[in-house]
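Notes follow once the structure below has been shown.
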Amino acid sequence: MTTTIRQAGRATGRLLIAALMAFGTYLFVTVLLIAAIGTLVVVGAWMLPEAVLLIRRIAGAKRRQVAGWTGREIPEAYEPLTGTLRERLRTAVRDPGTLADLRWMAAHYVYGWLVLLALPLWPVGLVVDGVWCGLLRRDAVVLPWVVRLADVEARWSAALLKPSPKARLAARVRALTETRADAIAAHGAELRRIERDLHDGAQARLVALSMRIGLAQRAFDRDPDSARKLMADAQDQAEQALTELRHVVRGIHPPILTDRGLTGAVRALAAGSGLEVTVRVEGLQDSADSGGGGSSGGRGGAVGPSGGPGGSDGSRGCRAPAAVEAAAYFAVAEALTNVVKHSGSPRAAVELVRLRNGLRAVVRDEGLGGADEGAGSGLLGIRRRVAALDGVVNVDSPAGGPTTIAVELPCVW
C-alpha cells in the first residue's frame, strides 16, 4: 500500500505540473496573439520570432518532463532562427516544428487538466485500497488509475511533440551539410599537411641527395676517397628520405591496416605507445594467436589471456570497410597519444567491438580527466573524421578522471 501511495503521489505531482503548464499556455496565448497582430501590421514583426523561440522553450521543458517520467528522450528538430528579420520570420512560419508545437499546445489546453480526474480518486482510493490492500492483502484498485492517467498524459505529449518526418529530414540534411563542410575542411587541411611534409622533408632530402651525387660524379676521377664519402652521405640521405616518405604514407593510410587489419594495427599501436595497454576484441578478425579477443601489453607487446571468442556469429574473418578501419585506427591512435601527453596514467584499455550495424572503438584511462576539445587535444580532429562517416564520438572525462572516449562508426558487414 505504501508503494502504491508513493507512485500515485508522484503521478499526481506530475499531473499537477502539467496542469500548471496548461494554465501558463493559456496566458501565453495573449503573447502569441499580440505577436501575430504585430506581424500583420509590420510594426511588431520582430515579436513573432521571439514568440516562436518561447514556444520552443516551453515545448522543450515539456519534452524533458515527459522524458523524466517515461525514461525515453524525445528529440527536437527545429530550424535555427538566424539571419535578418525577414529570414527569421520566414523560418518561424515555415518550420514544421512550429506547427507541431502549436498543435501540441492546442491539445494540451484540453488534456493538460487530467489532474482534475486524478484528485477525486484520492479520497476514494485511500478508503477502498486501504481496506482492499491493508485488510484483504489484495492489489490496489483505485490509486493505480492515477498512475495510468499520468501515463496517458505522457503518451499523448510524446506523440504530439515527436518531430514530424519532414522536420527530421530537414534536421538530417542540416547535419549532413555540416559534416560535409567539416569533411572538406579536414580534407583540405590534410592535403596541406601532406604537401608541407613532402616539401619540407622528403623533397629537401632528395634535392640534397641529387646535389651530393652530382658532387660525387665530379670528384670521382680526381678524388675517389672524397667521392666515396659523398656517395655514403647520399645513401644516408636516401634512407632518411625513404623514412620520411613512409611517415607521410602512414599519415594517409597506414600500410599495417592493409596487412594486419584493424585489430593487428591497434595491437601495434598499443605495443609502441609506451603504456601498459590492454586490447579487447569482440566479433572482429583478430591477428592474435589467442583468438578473437585478448590483452596486449604496450611495453614489449606481451600477449595476455584470451578475452573472448572471435565473434558471436562465427564471422571471424569479417573486416570493416577500409574507410571505417582507418577512422577507428586514427581515433585510437589520437586517444592513446592524449593518454601519454595529458592523462598522467601509465595504463589504458582499448576495446574494439563489432556491432550489428557498425563498429565501436573505446579507449579508457585512469588519468587526470578534464579533457578539453578546444585545448589542442586532438578530440576535435577525431570528431570531424568520424562525423564525415556519419559516426558519433562520446567523450566522458570528468575532472579527476577517468576518461572514456567512445567512437561508433556505421558500416555494413
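Residues take their numbers from the sequence shown, with the count starting at 1.
Looking at every heavy atom in both residues, A8 comes nearest to V146 through O-CG1, 3.6 Å. Of all heavy-atom pairs between V339 and S345, the closest is CG1-O, 4.0 Å. Closest approach of A154 and V66 over heavy atoms only: O-CG1, 3.7 Å. Nearest approach of D365 to G367, heavy atoms of both residues: OD1-N, 2.7 Å. When all heavy atoms are compared, the tightest approach of A320 to V324 is CB-CG1, 4.1 Å. Taking every heavy atom of both residues into account, P402 and P398 meet most closely at O-CD, 3.3 Å.
Side-chain contact between V407 and V362: absent, with no pair of heavy atoms (C-beta onward) separated by less than 4.5 Å. Contact check for I382 versus V395: no side-chain heavy atoms found under the 4.5 Å cut-off. Side-chain contact between E408 and N394: absent, with no pair of heavy atoms (C-beta onward) separated by less than 4.5 Å. For the pair P144/Q7, no side-chain contact is recorded, criterion being any heavy-atom separation below 4.5 Å from C-beta on. F330 places none of its side-chain heavy atoms less than 4.5 Å from the side chain of L257. Under the 4.5 Å side-chain criterion, counting only non-hydrogen atoms from C-beta, V353 is in contact with R280. Looking at heavy atoms from C-beta onward, V110 lies out of side-chain contact with W156 at the 4.5 angstrom threshold. Looking at heavy atoms from C-beta onward, R383 lies out of side-chain contact with L379 at the 4.5 angstrom threshold.
We find that R364 and E351 are joined by a salt bridge, their nearest charged nitrogen and carboxylate oxygen being less than 4.0 Å apart. A salt bridge does not link R148 to D151: none of the charged nitrogens lies less than 4.0 Å from a carboxylate oxygen. In summary, R63 and D101 engage in a salt bridge, as defined by a charged side-chain N under 4.0 Å from a carboxylate O. For the pair D233 and K229, the salt-bridge criterion is met [side-chain N within less than 4.0 Å of a carboxylate O]. Remark: K62 engages E153 in a salt bridge, criterion side-chain N to carboxylate O under 4.0 Å.
Separation of atoms CH2 (W69) and CZ (R155) is listed at 12.0 Å; rounding is to 0.5 Å. Atom OG1 in T12 sits 11.5 Å away from atom CZ in R10 (nearest 0.5 Å). The OG1 atom of T98 sits 9.0 Å away from the CG atom of L53 when rounded to the nearest 0.5 Å. Considering CG of L102 and CD1 of I55, their distance stands at 4.5 Å, rounded to 0.5 Å. Rounding to the nearest 0.5 angstrom, the gap separating the CG atom in N357 from the CG atom in L409 is 13.0 Å. Of the inter-residue distances, the one linking L359 atom CG with L262 atom CG reads 6.0 Å to the nearest 0.5 angstrom.
Although no hydrogens or angles enter the test, the distance criterion places a donor-acceptor pair under 3.5 Å between the side chain of S397 and the main chain of G370. At distances below 3.5 Å, not a single donor-acceptor pair connects side-chain atoms of T278 with backbone N or O atoms of A349.
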Could you go through L269 and Y329, starting from their C-alpha distance and side-chain angles, then the distance that decides it, and tell me whether this counts as side-chain contact (heavy atoms from CB on, under 4.5 Å)? CA-CA 9 Å; L269 279 176; Y329 173 85; 3.4 Å; yes

So V266 and V281, side-chain contact (heavy atoms from CB on, under 4.5 Å) or not? Walk me through it. CA-CA 10 Å; V266 169; V281 181; over 6 Å; no

Determine, step by step, whether R385 and V393 satisfy the side-chain contact (heavy atoms from CB on, under 4.5 Å) criterion, reporting the C-alpha distance in whole Å, the side-chain angles of both residues, the deciding distance to 0.1 Å, and the verdict. CA-CA 10 Å; R385 184 183 290 269; V393 179; over 6 Å; no

With side-chain contact (heavy atoms from CB on, under 4.5 Å) as the criterion, how do H108 and I58 come out once you've worked through the C-alpha distance, each side chain's angles and the decisive distance to 0.1 Å? CA-CA 12 Å; H108 196 244; I58 296 173; over 6 Å; no

